[in-house]
Amino acid sequence: MKIYQTNEIKNIALIGSAGSGKTTLAESMLFGSGVIKRRGTVEQKNTVSDYFPVEQEYGYSVFPTVLHMEWNGKKLNVIDCPGSDDFVGGAVTALNVTDQAVIVINGQYGPEVGTMNAFRNTEKLGKPVIFLVNQLDREHCDFDTVMTNMKDVYGAKCVQVQYPVQTGPGFNAIIDVLTMKKYSWGPEGGMPKVEDIPAEEMDKAQELHAALVEAAAENDEALMEKFFEEEALSEDEMREGIRKGLASRSMFPVFCVCGGKDMGVRRLMEFLGNVVPFVDEMPKVKNAAGDEIAPDSNGPTSLFFFKTGMEPHIGEVSYFKVISGSIKPGDDLTNADRGSKERMGQIFACAGANRVAVDELKAGDIGCTVKLKDVKTGNTLNGKDVDWKFDFIKYPNSKYSRAIKSVSASDMEKMMAALQKMRQEDPTWVVEQSKELRQTIVHGQGEFHLRTLKWRMENNEKIQVEYSEPRIPYRETITKMARADYRHKKQSGGAGQFGEVHLIVEPYTEGMPDPTVYKFNGQEFKMNIKGKEEIDLEWGGKLVFINSVVGGAIDARFMPAILKGVMERMEQGPLTGSYARDVRVIVYDGKMHPVDSNELSFMLAGRQAFSAAFKEAGPKILEPIYDLEVLVPADYMGDVMSDLQGRRAIIMGMDSEAGYQKLSAKIPLKELANYSISLSSLTGGRASFTTTFASYELVPNDIQQALIAAHEAEAAEED
């Protein structure tokens, strides 16, 4: 393979809903460019993209697959992304390392919720978009309706470049209003027959051509002036206008294709090669320090590793983008994240499991290598005198969690190693060993996402695992003031133990004034503050600890021991054993012994006094509340709202977005445990949701009593 320069490279992400035909389209693109000699199919489990066993098992793409094609002197790096929202991490990764998004739309259904999510990701990252209406040969495909829906959703920026002469099983021709030609195919697809537009289609073609000319002219002042003077542009001028419109996201060209029959694919690739912006025409990547880094082949070498694949008989395959400089086999680099040295072995252009060795990759190009010693997903390798790091990929929050354990206790260590390895392949699988919940939790994007992980664990790693619902990280707090004292006294021959602590507890709120006086049972307690500590608790909230001891009743050297005792009890609240938070503790009196008092005595006295006061201070359980945003077709809105109300959710608002309803709510984490399954069932998989932690709020009394009873039963069982 020749060495491509930065201005000959185009990086493209294929994204869209599950079932829109991205993998089949990619197969036709590879075939058309000569990378493969025969097209595979998803049904026959022999496509280049879906080559992992789990993908062939489910018939879905699970991982983003990096492909390369050479076309008309250009190199097209195409990343075929999973369509299911459960595997959104692959699309997010691809969009961050490519410069152009091709959103594939199923011609039978038009824009779906997966299309919406894909488009929103391009919006966040400012990526150019081409819409590609696929599967035009399907019986229920109605292109005009699809275009109407697209304009309703995405507005006038959707500009047709092509339209089919007919759709359904008889589809075999398109009219291209950029080239003003008709393209038609025989039953086997492939190379088109290019003809003049027939008379019966000319009026429609000229109308769409005029709209395309105007849309292209709007992106360049010189073109706009010429358009006003002549009301026409040459084909090359139109291409230039479309390129600028793509780069600024001021137009979204719409193309037609039938990937399964290899119709329209070569014309699409021609457009990608000729019109799509090059790497060096797009906004520059910023490093972790916020500096813009140009894709300069003569600049310092820096590689960003965006994906790791685990392949049998090979091990780790590391995929990278050359951010700057160039890379050759044998180059010595430094890992900016881990400090280790790496020597690059062979480097490859990728096409799924097929790899072609290359002599050099220039800035902007994408490739892979194997057998690196210490490189993980997200790492940066730099050449001499460069210390850049890149961390520009931001993944969405998890939506579905399960506690995981190996069926055999002896496999636990192997299971943890396998989980960490899998996370390199998909960073949206998040593994948490929770000290608080005493569980290993795996977080993902949905039930199917975690079912895939379990399948791989059991079939690839040969480790049997089981899932269970994770415990909820409740918190405990107090709602009123209380006072208690405790004397710890122990005599066992020789030096004894003695410590007495008197303290007051009360709920803490940010900015509350320091205490001056308290009243309990008619008795007044005046405070004289000697010291104050505000502790931000690692599990959220605060503990404020005040020393108000006067007259030397307790030596100052024992205060840290009392605080330690209080903290120990905060880590295991008296109601359910959950962490306590937002408490102010005032130690105002006590006693000590000149010989028998020590740190241990006061730690134990402080712990017991705090525990007694906490139980008298109206203790309450708090539960985590999440902000929930659901994107749902209007037809299903009533069912979704009804379901949420049954989950103790509070509806905060409704809005419409691009043809879908957007519903905002606050919902307890406990009620989100199986929400992804329920929402998919209610809407036939046509809705999606996101969640973000909001706050901790009091649980209702009936739920609090049930939680306390369950905790007491569990404690009795352990005893």
Side-chain angles (χ1 to χ4, degrees), residues 13-29 32 39 41-43 47 49 59-61 80-84 101-119 129-155 157-178 182-185 187-190 192 201 204-205 208 252-269 271-272 633 658-660 684-686:
L14 284 184
I15 57 177
S17 291
S20 57
K22 297 179 298 299
T23 295
T24 302
L25 170 66
E27 197 76 4
S28 289
M29 293 173 78
R39 290 189 298 137
T41 68
V42 172
E43 294 73 23
T47 59
S49 281
Y60 277 98
S61 297
D80 175 23
C81 301
S84 168
V102 173
I103 299 182
V104 185
I105 293 178
N106 188 325
Q108 301 172 93
Y109 307 123
E112 301 174 82
V113 72
T115 320
M116 291 277 306
N117 293 334
F119 186 80
V129 167
I130 293 169
F131 285 110
L132 184 64
V133 183
N134 191 19
Q135 301 183 16
L136 294 168
D137 62 327
R138 298 300 174 91
E139 189 172 341
H140 299 293
C141 176
D142 183 338
F143 183 79
D144 291 337
T145 300
V146 170
M147 276 308 307
T148 300
N149 292 341
M150 287 177 65
K151 286 184 180 290
D152 288 343
V153 173
Y154 303 110
K157 290 183 180 181
C158 281
V159 183
Q160 281 180 248
V161 176
Q162 300 173 336
Y163 69 90
V165 175
Q166 66 170 316
T167 57
F171 168 77
N172 68 352
I174 59 171
I175 305 295
D176 190 304
V177 299
L178 172 56
K182 176 187 175 186
Y183 295 78
S184 57
W185 293 268
E188 299 301 315
E201 296 291 340
K204 181 176 181 180
L208 291 173
F252 308 130
V254 181
F255 280 77
C256 301
V257 76
C258 178
K261 291 185 176 177
D262 191 14
M263 296 179 182
V265 176
R266 287 162 176 77
R267 173 67 187 114
L268 170 69
M269 292 174 69
F271 182 85
L272 295 175
Y660 280 74
R686 295 188 61 209

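Side-chain atoms are counted along with the backbone in the values below, which use heavy atoms only and exclude waters and symmetry mates.
- In this structure, Pro164 and Leu136 approach most closely via the heavy-atom pair CB-CD1, 4.3 Å.
- A 4.5 Å side-chain heavy-atom check between Trp185 and Ile174 finds at least one atom pair inside the cut-off.
- Gln135 contributes a side-chain N or O that, together with a main-chain N or O of Gly19, makes up a donor-acceptor pair within less than 3.5 Å.
- Rounded to the nearest 0.5 Å, atoms CG (Asn149) and OH (Tyr154) are 10.5 Å apart.
- Considering CD of Gln162 and CG of Leu268, their distance stands at 8.0 Å, rounded to 0.5 Å.
- Here Glu112 contributes atom CD and Asn106 contributes atom CG; the two are 5.5 Å apart, rounded to the nearest 0.5 Å.
- Here the closest non-hydrogen pair linking Ile105 and Ser20 is C-CB, 4.3 Å.
- Taking the side chain as every heavy atom from C-beta outward, Met150 and Phe131 approach each other to under 4.5 Å.
- Nearest approach of Ser49 to Ala26, heavy atoms of both residues: OG-CB, 4.2 Å.
- Interatomic distance, CZ of Arg266 versus OG of Ser28, reported as 8.0 Å (0.5 Å rounding).
- Shown here for Thr115 and Ser17, the closest heavy-atom pair between the two residues is N-OG, 3.0 Å.
- Note that NZ of Lys22 is 8.0 Å distant from SG of Cys81, once rounded to the nearest 0.5 Å.
- Within the 3.5 Å criterion, the main-chain N or O of Gly260 finds a donor-acceptor partner in the side chain of Arg39.
- For the pair Arg686/Tyr109, no side-chain contact is recorded, criterion being any heavy-atom separation below 4.5 Å from C-beta on.
- No side-chain N or O of Thr47 forms a donor-acceptor pair with one of Thr23 less than 3.5 Å apart.
- Contact of the Ile130 side chain with the Leu272 side chain is registered, since non-hydrogen atoms from C-beta on lie closer than 4.5 Å.
- The two residues Phe143 and Thr167 have their closest heavy-atom pair at CB-CG2, 3.8 Å.
- Proximity of Leu178 to Phe255: side-chain heavy atoms (C-beta onward) are nowhere separated by under 4.5 Å.
- Cation-pi geometry between Lys261 and Phe171 is not met at under 6.0 angstrom from the ring centre and within 45 degrees of the axis.
- Side-chain atoms of Tyr660 come within 3.5 Å of backbone N or O of Val113 as a donor-acceptor pair.
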Next on the checklist: Under the criterion side chain to side chain contact (heavy atoms under 4.5 Å, CB included), I'd like the reasoning laid out for Met147 against Gln160: C-alpha separation, chi angles, the key distance, then a yes or no.
Outcome noted: CA-CA 9 Å; Met147 276 308 307; Gln160 281 180 248; 3.6 Å; yes

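- Side-chain contact between Pro111 and Met116 is absent, with no heavy-atom pair separated by less than 4.5 Å.
- The shortest heavy-atom contact between Phe271 and Pro253 is CZ-CG, 4.4 Å.
- Interatomic distance, Leu25 CG to Asp262 CG, rounded to the nearest 0.5 Å: 9.5 Å.
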Item to check | Stepwise side chain to side chain contact (heavy atoms under 4.5 Å, CB included) check, Asp152 with Thr148 | outcome: CA-CA 6 Å; Asp152 288 343; Thr148 300; 4.0 Å; yes

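- Ring geometry for Phe119 versus Phe252: interplanar angle over 60°, hence perpendicular rather than tilted (30 to 60°).
- Contact check for Thr24 versus Asn134: no side-chain heavy atoms found under the 4.5 Å cut-off.
- Inter-residue side-chain proximity for Lys204 and Tyr163 is flagged as met; some heavy-atom pair is nearer than 4.5 Å.
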